[in-house]
Number of protein chains: 2
Amino acid sequence: MAKYSVLYNKIQKDIEDGRLKPGEQLPSEKELMDEYDLSRDTVRKSLSLLVTNNYIRKIKGKGSFVLEMNKFDFPVAGLISFKEMAAKTGMTSYSTEVIRLQIQKSATFPTKALDAQEIHSIWEVIRVRTINGRRVILDKDYFYQDVVPELTEEISSNSIYEYLEQNLGLKIGFAQKEIVMEKATAEDRLLLDLYDYDMVAVVNTLVYLVNGKLFQFTQSRHCPDKFKFIDVARRNTP
Amino acid sequence: MAKYSVLYNKIQKDIEDGRLKPGEQLPSEKELMDEYDLSRDTVRKSLSLLVTNNYIRKIKGKGSFVLEMNKFDFPVAGLISFKEMAAKTGMTSYSTEVIRLQIQKSATFPTKALDAQEIHSIWEVIRVRTINGRRVILDKDYFYQDVVPELTEEISSNSIYEYLEQNLGLKIGFAQKEIVMEKATAEDRLLLDLYDYDMVAVVNTLVYLVNGKLFQFTQSRHCPDKFKFIDVARRNTP
DNA sequence: TAGTGGTCTAGACCACTAA
DNA sequence: TAGTGGTCTAGACCACTAC
């Protein structure tokens with residue numbers, strides 16, 4: 001592990017575990033250099049990462065301070081899986097039911113997500129997420145089979161991402177999300193407990209590997225009253 | 001202007017204006033050093049910024065490449081004002097109507113957004129955004145008066161952000177957004193052209209200055225069929 | 001004035017990619 | 001093997017903040 005990663009992880013953990021409290025001042029760059037026996041640039045690299053990930057902010061002439069970002073309910077910063085979210089927010093009761101798991105010939109895979117007109121074999125996974133006894137999320141995932149050769153019901157009902165990262169060694173790079181509202185379909189009404197709602201919140205996601213290759217499209221359809229998306233935006237990062 | 005900013009802006013502009021095309025390879029760090037007479041670290045700082053802002057990606061042993069991120073309709077990356085968005089997406093016909101502009105004593109300012117129980121004087125600005133003849137967005141903005149002393153109808157109907165940044169010299173740091181769906185209120189139905197929809201997409205935003213001080217809360221209520229939110233998420237930025 | 005973070009440099013070594 | 005980006009160092013000067 002790189003030296004700057006070690007320091008980054010140390011401070012990140014200190015913040016998440018509450019050893020460093022919101023508003024608290026971090027040691028100065030000089031002090032961190034001495035304490036961890038690092039050059040200033042390496043210390044600065046760690047701190048820069050903490051800044052871009054919204055853990056701290058730096059003020060010229062004053063120091064580095066832990067951000068106070070606990071005004072919202074849960075800390076979803078972008079890309080996170082259902083299972084990770086469940087763990088972070090401490091959901092007591094949740095489960096996943098696999099509705100369909102099959103291979104397709106790019107039929108229903110959204111055309112705009114395809115790089116070209118090539119024919120691909122594609123895994124289609126349809127799952128329903130239940131939280132506290134209510135079916136609230138309908139997930140439709142599509143993976144290229146040349147990237148994800150095998151997929152079982154057991155993997156799907158656990159965490160696909162965990163499998164992809166730990167077993168297949170795939171490295172997720174980034175994702176584009178699009179959030180829209182749509183009229184509920186007959187399928188939505190069948191698979192979700194929508195009560196009297198006639199709309200759903202739809203999150204379309206394209207997931208890319210670190211090498212830039214697109215490998216997954218996901219459509220996540222949520223009960224409107226149980227949907228919440230959190231985002232932290234930084235204006236003009238430079 | 002810092003040297004790394006100069007190079008960053010140069011390349012960013014080249015990408016946005018199409019002189020550097022998606023997938024194209026940038027000059028190597030060595031070449032950029034020579035061409036712009038910079039040290040390697042300075043070149044790397046520029047490129048790092050382009051990476052975190054999702055303009056390019058770097059591949060060890062190969063080079064830096066322009067990202068292909070044009071699969072979505074418009075490039076909203078986080079924090080952007082209505083006027084900026086209108087300019088970027090080339091909306092032909094839009095206007096803003098100021099419904100209410102007044103000073104309040106923190107009454108309707110959402111309590112969870114307040115730092116303490118202090119009493120503040122707060123500007124309340126309620127505006128309706130019309131696009132192509134349809135009233136699609138209801139914006140409710142709240143500003144602390146000690147940060148924004150004066151606000152006129154003219155400023156409000158133009159761009160408040162432009163005024164804050166250029167005239168008051170305020171520096172926006174970052175914002176937290178929360179997106180939820182809500183049942184339409186009587187006010188929504190009165191001020192928006194909702195047709196037969198009975199829900200709205202609600203974006204709650206807390207805006208902080210670079211010094212970390214919270215200074216604005218905004219609630220933006222959208223017609224569901226005209227709402228779209230785009231987000232780019234990077235997994236494990238380190 | 002002392003201490004802080006911001007910028008910039010020159011040089012070194014490593015790991016990965018491609019021919 | 002040559003070229004690329006990734007990490008790390010030591011030292012310099014600057015701008016801002018606080019006292």
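Naming convention: chains lettered A, B, ... in sequence-line order (proteins, then strands); numbering from 1 in each chain. All values reported here derive from a predicted model rather than from experimental measurement.
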State plainly whether the residues B:Glu29 and B:Lys58 are in salt-bridge range, i.e. N to O under 4.0 Å.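 Salt bridge: yes.
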State which residues pass side-chain hydrogen bond (donor to acceptor under 3.5 Å, both in side chains) with A:Lys60; sequence neighbours excluded, sorted by chain then number.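 So A:Lys60 forms no side-chain hydrogen bond (donor to acceptor under 3.5 Å, both in side chains) with any residue.
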Can you sort out the partners of B:Gln219 under side-chain hydrogen bond (donor to acceptor under 3.5 Å, both in side chains), two or more places apart, ordered by chain and number?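 Residues passing side-chain hydrogen bond (donor to acceptor under 3.5 Å, both in side chains) with B:Gln219: B:Asn204, B:Arg221.
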Kindly give the atom pairs (protein nitrogen or oxygen, nucleotide nitrogen or oxygen) under 3.5 Å for nucleotides 14-19 of chain C.
residue, atom, partner, partner atom, Å
C:dA18, OP1, B:Lys62, NZ, 3.3

In dot-bracket form, how is DNA chain C paired, counting a Watson-Crick or G-U wobble pair only if both its distances are under 3.5 Å and using | for bases paired to another strand? ||||||||||||||||||.
Nearest-Å distance, [atom1] ([X]) to [atom2] ([N])?
X       : N      : atom1 : atom2 : result
B:Glu29 : C:dA10 : CD    : C1'   : 15 Å
B:Ile56 : D:dG5  : CD1   : C1'   : 11 Å
B:Phe65 : D:dT4  : CZ    : P     : 11 Å
B:Tyr36 : C:dT9  : OH    : P     : 15 Å
A:Met33 : D:dC8  : CE    : P     : 14 Å
A:Gln25 : D:dT17 : CD    : P     : 14 Å
A:Arg57 : D:dT17 : CZ    : P     : 13 Å
B:Lys58 : D:dT7  : NZ    : P     : 9 Å

Evaluate the side-chain proximity of [Y] to [X]: yes if any heavy-atom separation is below 4.5 Å, no if none is.
X        : Y        : result
B:Thr96  : B:Asp139 : no
B:Trp123 : B:Ile103 : yes
A:Tyr55  : A:Val66  : no

Distance-minimising heavy-atom pair for [X] and [Y]:
X        : Y        : value
B:Arg19  : B:Glu24  : O-OE1, 4.1 Å
A:Glu150 : A:Tyr163 : O-OH, 3.4 Å
A:Leu101 : A:Glu153 : CD2-N, 3.4 Å
A:Leu47  : A:Ile56  : O-CD1, 3.8 Å

Phosphate oxygens OP1/OP2 of D:dT7: is one of them under 4.0 Å from a side-chain N or O of A:Tyr4?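 Checking D:dT7 against A:Tyr4, a side-chain N or O does come within under 4.0 Å of OP1 or OP2.
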Can you tell me if the side-chain N/O atoms of B:Ser64 get under 4.0 Å from OP1 or OP2 in D:dT4?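 Answer no for this pair, as no side-chain N or O of B:Ser64 is under 4.0 Å from OP1 or OP2.
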Of all residues at least two apart in sequence or in a different chain, which pass the ring-ring contact (aromatic ring centres under 6.0 Å, His included) check with A:Phe227?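 A:Phe227 satisfies ring-ring contact (aromatic ring centres under 6.0 Å, His included) with A:His222 only.
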Among residues 37-47 of chain B, which contact DNA chain D at a heavy-atom distance under 4.0 Å?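 Those residues are B:Arg40, B:Asp41, B:Arg44.
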